[in-house]
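What follows is a set of notes on a single structure, which appears directly below.
The structure presented is a predicted model; accordingly, all values stated were derived computationally and were not measured.
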Amino acid sequence: MEYPAAYPGAFAVSAVGPDGTLAGYSSWGKEVALAAPGGDKQKGGDAAGVIQNTIIPGDLNTTNRYLSFQGTSMATPHVAAAA
């Protein structure tokens, strides 16, 4: 694990894909406090990502845009809810 996740008091997060296994891009190591769904598009394309309602820069008039993402950033809201 690298810093800042290894700092005392930090809450390191891992991400798992739809099959429940650690995603290839994910953080790992003894510092990880919790793993949560983060998607793994390498194992299934957009269908294996986490769907998010988002705004497209430069297209602020379009609402209800749902896109597929992956990452520990996608897992973080689940971890925040658990905390």
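- Nearest heavy atoms, A12 versus E31: CB-O, 3.4 Å.
- Annotation: I55, atom CD1; neighbour count of heavy atoms from other residues, nucleotides and ligands within 6.0 Å does not exceed 12.
- Of the listed residues (V32, L34, T72, V79), just one forms a side-chain contact (heavy atoms from CB on, under 4.5 Å) with S14, and that residue is V32.
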* Run the side-chain contact (heavy atoms from CB on, under 4.5 Å) check on D40 and Q70 step by step: do they pass? -> CA-CA 6 Å; D40 193 349; Q70 71 174 21; 4.2 Å; yes

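- From K41, atom NZ reaches atom CG of D46 across 4.5 Å, with rounding to the nearest 0.5 Å.
- Here the closest non-hydrogen pair linking G38 and A15 is CA-CB, 3.8 Å.
- Residues L67 and V50 fall within the same hydrophobic cluster, defined by Ile, Leu, Val, Met, Phe, Trp and Tyr side chains chained together at heavy-atom separations under 4.5 Å.
- Among all heavy-atom pairs drawn from S68 and G49, the shortest one is OG-CA, 3.3 Å.
- Atom-to-atom distance recorded for D59:CG and R65:CZ is 5.5 Å, nearest 0.5 angstrom.
- Looking at every heavy atom in both residues, H78 comes nearest to M74 through CD2-O, 3.5 Å.
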